[in-house]
Structure formats: C-alpha cells, structure tokens
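This report refers to the structure that appears directly beneath it.
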Amino acid sequence: MKREQYTILNEKESMAEELILRIKRMFSEIENTQTSASAYDTAWVAMVPSLDSSQQPQFPQCLSWIIDNQLLDGSWGIPYLIIKDRLCHTLACVIALRKWNAGNQNVETGLRFLRENIEGIVHEDEYTPIGFQIIFPAMLEEARGLGLELPYDLTPIKLMLTHREKIMKGKAIDHMHEYDSSLIYTVEGIHKIVDWNKVLKHQNKDGSLFNSPSATACALMHTRKSNCLEYLSSMLQKLGNGVPSVYPINLYARISMIDRLQRLGLARHFRNEIIHALDDIYRYWMQKETSREGKSLTPDIVSTSIAFMLLRLHGYDVPADVFCCYHLHSIEQSGEAVTAMLSLYRASQIMFPGETILEEIKTVSRKYLDKRKENGRIYYHNIVMKDLRGEVEYALSVPWYASLERIENRRYIDQYGVNDTWIAKTSYKIPCISNDLFLALAKQDYNICQAIQQKELRELERWFADNKFSHLNFARQKLIYCYFSAAATLFSPELSAARVVWAKNGVITTVVDDFFDVGGSSEEIHSFVEAVRVWDEAATDGLSENVQILFSALYNTVDEIVQQAFVFQGRDISIHLREIWYRLVNSMMTEAQWARTHCIPSMHEYMENAEPSIALEPIVLSSLYFVGPKLSEEIICHPEYYNLMHLLNICGRLLNDIQGCKREAHQGKLNSVTLYMEENSGTTMEDAIVYLRKTIDESRQLLLKEVLRPSIVPRECKQLHWNMMRILQLFYLKNDGFTSPTEMLGYVNAVIVDPIL
C-alpha cells in the first residue's frame, strides 16, 4: 500500500474512533432516550385542568412549548411530512391554546393553516395516523364547542363526522364487556362515551395507558387518578416541556439500536455495551414470563421479533413460544402488517428442530409478503422508511441462513434511513435509532475493512502466482471466490490471518478436487496421496510437473500455517493439519476408484466417504486457530467438534449434489440424488431432492442449535462452522454458484471491490 493510501486510511480510522466514542455515549444515555417531542401529545397534556383549580392548566409549561414551537406556516408537527399528521398536531394545539385563552396570535395562524389544508383529511395517503378516523372528528367537535372558526359545513368534514358515527356504531362500545387495546390506545377520540373503569384496567404499572402521554392525559382529565398524574409529572420533570409520543421508549430503543448497529456491521465496536443491554432485556423478559403478564416481551410484535433474534443469536435461552400470544390473522389486518410480517419472517428462520410455531410463522409470513410483493403493495402505514420494499425483496430472495454478514451490511447501509419517521397517533422520530452518526461510521468502517481486504487479496495473488497454480490447466481459478467467502464473514481487521488461511486452503482444496476429478491419472493420484501420507517433498521427485506443483503448494502452505499458528496458539499443530489433509485426499481417491471401476456404493457408504471429500475440513479446521481463543488438544478432540463438522459436511455434500445432480448423472458420476433413487425404487429425481432438502434443513437447524448453546468449544470457533454453512447456502442457492464464472460477481464486487461513497 502506498504512503498516501496509508495516510488516508489512518485519517479514516481516527474519524471512526471519534464516532465510536460518541455512539458509546449514546449507550450510556439510553435510559434517558426519547422520541422527538410531539405537538399533539404536548397539547393533550396541556389541556389537563389543575387538580386544585379547574380554571388553570395543570401543566402550563406545555402551553409555553406549544407557543414556542409553531412552524412558520402556522402548523405544528414534522415539516413537509404527511398532511393528515400535521392537521392532527395543529388542531390539538389550537384547541389547547384556546381552552386556556393563551397564544391568540398562534391560534389565528394555526386556524388559517387548518382552513387552507383541511381538505387533506380525505387524501388517500399510504400513511395515516392510527385512529385518525376517530380522533380527528372528535377534536373537530371540541373545536366547534370552543368557538374555533373552521369550515364545519365543508363536505369532507361532514363525510368524516358521518363515517366516525358509523365506526362507533359498529364497535358498540356500550355493549362491550371489556375494551380491546386498540380502542384504549385511541381513547382521546371516544373519551366522552367510554366507561373509565373499564379503561383503567389497561393501565401500566407506571400509571400510563400503553405508554401514551396523550391517552394518559385524557384519563387524568376524566378520572383524576394520582398515578396518571405521577406518570405525566415525572415525565415532564425528566424531559422538559415538550411531550413525546411514546414514553418510556428505552426498551424499544435498546432493542432497535442494537439491531441497527448489528445490521450496519458495527456491533463488534460495542460488544460490552450490547451484552450489558441484552442482559437487561433478557432479565426483563424473564421477569414478565414468571409474572402474570405473559411470555411476550412487549405488545409490539416487531420489538418482540427483533429481541427474540438478538437474544437467541447471542446465546440466551429464549423459547419459541414467546410468539404464542400473537394472532397472525390480527397482525395481517393491522397497519403495521408488512414490517410485522417481515420481522416475524426473519425471526422464524432462527429455528431449532421441532419448533413448529416458528415453522407456521415462517409459512404464513412468507405467504403474506409474497402476496404483497406481487400486488406491488409493500409499504408500512405506520413508519416512513427509506427502502422497505428493498428489505422485503431481499429477505424473500435470500433466506437469512444464506445471507453473508458483509453482504447484509452493505445492503443495509444503502437502505438505512437517517430520517425514518414513526407514525402512531401522530408522527415522531427516534434519534438514537435513525441518525447520521450510525450511517457515517458504517460507511467509514466498511471502507476501512475493504481497503485492508484489498491489500490482503493482492498478497494472495502473489502467493497464487508463486505457487504456479495457473500452470495447472485442469484447475478452476477461484482465488477471488475463496477470499470473498472469508471477507464476507470474517471481516474484522484483526481476523486478517484467519481470512488468509481460509482463502489459501479454499484455493488448494479446489485445485486438489479438480486434480482428482479431471487433472490426474490413476498413477498420479496414488503418487500424490502417498506424498501426503509421508509428508515429504522428496516423495515427488521424478513425478509429473502437476503433482510436484500441487504437493509443493500444499506442503509449503501448511508449513507456513503451522508456523503462524504457533505464534497464535503457542503449540505445534502440524500433526493435526496433516491428518486433515490425508483424510481428504484418501476420501477423494476412494471416489476416483469408484468412478473408474463403476462401483456403486450404498447411500451410507457414499455419505460416510463424502463427509471429508466435500473438502470443508481443511478450510474450517485450519482457520480455527486464528480467530482468537487458545485451543487445547482436549477442545480440538472434543466430540462436539466432530459433531459440528459432521452436520456441516452433510449439508455441504447434499447442497453440492442437488445442484450438480443432472450434470453428474449425464457424466456418469456418483451423486446422493441418484443413489437415493437407486435405493428407493419408483422415486423421481424431484422426490429425491425433496427428501435431501429436508435432511439439509434438519442438519442446519441442529448445527445452529449447537453453535448457539454454551459449551466447552469457544463460540468464535463454532461460528466458523456456521459461517461456512451460510456460504454454502448462498453458493448453492440457485445453482452451482461456485463453479459459475458470473453468479457471485455482484456480491464479490460489493464486498471487496466497490467502496461505499
């Protein structure tokens, strides 16, 4: 790397360090996090009469906030957003000011905005505030009672008032034994006709109604309950004069903040902060499970889905029955259906064997999202997001278990919205979730890692040339793919050695596989296997140039890895690596002999030999020594290690066989698909593939469970097995992407070549 490139990289690293410190401060302040202040909620709190004198406001500071935060056009709310939302904010503020005869000039300019834009209530927006059809007409009636001059005879207003009456008749509130949560959440629109004893059954322990300041203020006006007053008073004392749309929001903020940092590829910078936050979230969840409140973390399915994913993927014991209390049909009918179903679909793929509820959720959510995609109706009524359509389309085209981490990071950086806006009863923003800071750090971090990887790739290209692989005409030239698979999963700068070892072993296993398949004669194959057995360069004297090139590359590379591993591990691992390679070439020789003699083994014999012959062990097991933990002989020889590799090998072999079955059947090669058909007469190729895919799914789920559960084997090492699983799933998702010269190029360029501008 040239001097000026080092200078630029060092400057970027310094800037990144500053951004990391600022985000760490955000973690420390998460307890005080809040949404942007809501004019609508502030207005409802301002309407509350004093408990001592009904002629005075209980919270006069909220009136001051309203007067100080009117926009230039006379409205309140988030500028240039949704007209219905701004009408809601503005009407509530005008009512609050007129009720206490304050801010007369503000009232007049607010009324002018309302009169000029009131026809916006009938706009067919994609985004509509929750309960708008009930709350806004109710506020119009309040405004009329206060003598506020608005065009009440305008046709859109008359139609809206009539529509509200129909809605209320349909709900038959007078005959309800209990009120449902959606009704209580929008209580401001029905506060004159509800039974407040039934409403208060929904109060949280903190005195709020669903963490909604506006609904709680409405309850305080009618009931004068002290815990409602305490909730609002403590909130204002903590946050100041402006009232948020949701309070408190720190649990949701924590969950979402961790999720975004992880999806942006930044989680490794905040390991301690994330673990501390997840400990708190898990503790809160367990307290709810042991109480009468049920097993779900929150009433919000999106938050519960994200928390389930985060906790399970970080090794916490979270059962799938946390989703039992949610009704999928109700979710489909809700305003947040698309994001809820997307979150459920993502969570359902973190599945262990036998979790039928997750299987059901996966089927239903997938079907719903497919239908919305076909109809071109991928949007979310209750959040304005930068690229929800892109998120849904990618999730449907690439399953979570086939999506490599750095590809996900790259896509999410492109999709991340710094101005995402949530829409409940009105709109609000959550700065600790959507902000410029996260995006700036994500871009810098991605480009820093990519610059390091480009340097490594250049060094690997020199290694490739020095070992004369290009002289082997029979061999596939797959250096870039082999390195890509490492860079897309082991992207942290400190994992440089692991990436290089992974890539080198990937190259050599590919060339060796081609040598046994098409490049070597029977005599050359036996000579090569013998050379690997005795592990002596002199064993290739007098042999063909192909054998000499191949064994020399293997011998020198393994020797280099052994020396590097001694620095990391403080012990000699040469015997272990030699055993891995001898096991591989022996299994490949067996396959070559079967092909030459036209021997057809049983399915059991084939799979027993196929586990090592898929050539994953040299890549994964050699890289283990370079991901951090010191590995004793006891750990390396532990049965769990063998089981992890066993499950991975099964999936790798079957995925490879399914994509290559037609080609290999034409070539007369052995394949698990054709062997299954041979042993199960009457089955078609499609039947065999269905059976083998089921085996893959079961093995993948078992592997994930083993990777995530605490054990003697370090998580970093187990993660390598899961990384390889995801690589295999991606490469063989549609066809044999590893063999294809173009299938993976888009991903390769995104991860290694093209910087984020």
Just by modelled atom types, is the Leu655 backbone N or O under 3.5 Å from a matching donor or acceptor in the Gln659 side chain?
no
Check whether any side-chain heavy atom of Phe738 lies under 4.5 Å from a side-chain heavy atom of Cys482, and answer yes or no.
yes
Give, for atom CD of Gln701 and atom CG of Leu358, the distance between the pair rounded to the nearest 0.5 Å.
9.0 Å
Find the distance between OG (Ser699) and CD1 (Ile650) and round it off to the nearest 0.5 Å.
4.5 Å
Val318 versus Val322, closest heavy-atom pair with distance:
CG1-CG1, 4.2 Å
Pairwise side chain to side chain donor-acceptor pair (under 3.5 Å) hits with a residue in residues 354-364, at least two apart:
Arg312-Glu355
Give a yes or no on whether the backbone of Thr683 and the side-chain of Asn680 come within a donor-acceptor separation of less than 3.5 Å.
no
Would a distance-only check, ignoring hydrogens and angles, find a side-chain to backbone donor-acceptor pair under 3.5 Å from Ser397 to Tyr394?
yes
Once rounded to the nearest 0.5 Å, what's the spacing between atom NE2 of His576 and atom SG of Cys637?
7.0 Å
Could you tell me whether a side-chain N or O of Lys718 sits under 3.5 Å from a main-chain N or O of Glu706, the two making a donor and an acceptor?
yes
Do Arg411 and Asp387 meet the salt-bridge criterion of a basic N to acidic O distance under 4.0 Å?
no
Between Arg346 and Ser365, a side-chain donor and acceptor under 3.5 Å
no
Can you tell me how far apart CZ (Arg583) and CD (Glu611) are? Round to the nearest 0.5 Å.
7.0 Å
Which heavy-atom pair separates Glu743 from Ser740 by the least distance, and what is that distance?
N-OG, 3.1 Å
Indicate the ring-plane relationship of Tyr316 and Tyr282, choosing parallel, tilted or perpendicular according to the 30° and 60° boundaries.
tilted
Is there a donor-acceptor pair under 3.5 Å between the side chain of Asp736 and the backbone N or O of Thr739?
yes
Verify whether the ring centers belonging to Phe308 and Phe323 lie closer than 6.0 Å.
yes
Looking at every heavy atom in both Gly652 and Leu728, which two are closest together, and how far apart are they?
CA-CD1, 3.6 Å
If you round to the nearest 0.5 Å, how far is CZ of Phe491 from CZ of Arg406?
4.5 Å
Contact check, side chains of Leu624 and His721, non-hydrogen atoms, under 4.5 Å:
yes
Heavy atoms, side chains only, cut-off 4.5 Å: are Met645 and Tyr642 in contact?
no
Are more than 12 heavy atoms, taken from residues, nucleotides or ligands other than Lys705, located less than 6.0 Å from that residue's NZ atom?
no
Sub-3.5 Å donor-acceptor pair from the side chain of Arg410 to the main-chain atoms of Ala750, do we have one?
yes
Salt bridge (Lys or Arg N to Asp or Glu O under 4.0 Å) partners for Asp317, two or more places apart:
none
Flag the pair Met677 / Thr684 as yes when at least one side-chain heavy-atom distance between them is below 4.5 Å, and no otherwise.
no
Testing the 3.5 Å rule here: is there a donor-acceptor pair between the side chains of Asn649 and Glu617?
yes
Heavy atoms of other groups near Glu640 CD, more than 12 under 6.0 Å
yes
Does Val707 reach the side chain of Gln719, with side-chain heavy atoms less than 4.5 Å apart?
yes
What's the verdict on side chain to side chain contact (heavy atoms under 4.5 Å, CB included) for Asp206 and Asn211, showing C-alpha distance, side-chain angles and the deciding distance?
CA-CA 9 Å; Asp206 63 5; Asn211 295 350; 3.9 Å; yes
Member of Arg693, Lys694, Arg700 meeting the salt bridge (Lys or Arg N to Asp or Glu O under 4.0 Å) criterion with Asp697
Arg700
Taking all heavy atoms of Pro612 and all of Glu608, pick out the closest pair and write down the distance.
CD-O, 3.5 Å
Go through it in stages, so that I can follow the logic: the residues are Val338 and Val392, the test is side chain to side chain contact (heavy atoms under 4.5 Å, CB included), and I'd like the CA-CA distance, side-chain angles, deciding distance and then a yes or no.
CA-CA 9 Å; Val338 173; Val392 171; 4.1 Å; yes
Does the distance from a Lys or Arg side-chain N to an Asp or Glu carboxylate O, for Glu494 and Arg499, drop under 4.0 Å?
no
Min side-chain heavy-atom separation Trp422-Ile433 under 4.5 Å
yes
Check whether His276 reaches the backbone of Asn272 with its side chain - one donor and one acceptor, N or O, closer than 3.5 Å.
no
Any ring-ring contact (aromatic ring centres under 6.0 Å, His included) pairs touching residues 687-708, not counting sequence neighbours?
Tyr676-Tyr691
Closest non-hydrogen atom pair between Ser622 and Asn505, with its separation:
CB-ND2, 3.6 Å
Between Lys425 and Ser212, is any side-chain donor less than 3.5 angstrom from a side-chain acceptor?
yes
Answer whether the closest heavy-atom distance between the side chains of Tyr368 and Tyr345 falls below 4.5 Å.
no
Please name the pair of heavy atoms, one in Pro399 and one in Leu733, separated by the smallest distance, quoted to 0.1 Å.
CD-CD1, 3.9 Å
Inspect the contact between Glu273 and Lys24 and indicate whether a charged nitrogen and a carboxylate oxygen are less than 4.0 angstrom apart.
yes
Does Trp400 have Arg726 sitting over its ring (NZ/CZ under 6.0 Å from centre, angle to axis within 45°)?
yes
Asn656 side, atom CG; Cys651 side, atom SG - distance, nearest 0.5 Å:
12.5 Å
Would Tyr185 and His202 count as a close aromatic pair, with their ring centres under 6.0 Å?
no
Between Leu396 and Arg366, does a side chain to side chain contact (heavy atoms under 4.5 Å, CB included) hold up when you go through it step by step?
CA-CA 7 Å; Leu396 292 176; Arg366 170 94 201 196; 3.7 Å; yes
Under-4.0 Å salt bridge between Asp259 and Arg263
yes
Check: Asn671 side chain, Asp657 main-chain N or O, donor-acceptor pair, under 3.5 Å:
yes
Side chain proximity check, Leu720 to Trp502, heavy atoms < 4.5 angstrom:
yes
Thinking salt bridges, do Lys429 and Asp420 make one under a 4.0 Å N-O criterion?
no
Assess, by modelled atom type and distance only, whether the side chains of Ser208 and Asn204 contain a donor and an acceptor separated by less than 3.5 Å.
yes
Show the numbers, then the answer: is there a salt bridge (charged side-chain N to carboxylate O under 4.0 Å, His left out) between Lys367 and Asp370?
CA-CA 5 Å; Lys367 183 179 178 181; Asp370 276 329; over 6 Å; no
Okay, side chain of Thr304, backbone of Ile301: is any donor-acceptor separation there less than 3.5 Å?
no
So, the side chain of Ser434 versus the backbone of Ile430: is there a donor-acceptor pair under 3.5 Å, distance only?
no
Show your working on side chain to side chain contact (heavy atoms under 4.5 Å, CB included) between Trp722 and Leu708 and close with a plain yes or no.
CA-CA 10 Å; Trp722 184 248; Leu708 297 180; over 6 Å; no
Residue pair Tyr446 / Asn409, side-chain donor-acceptor N/O under 3.5 Å
no
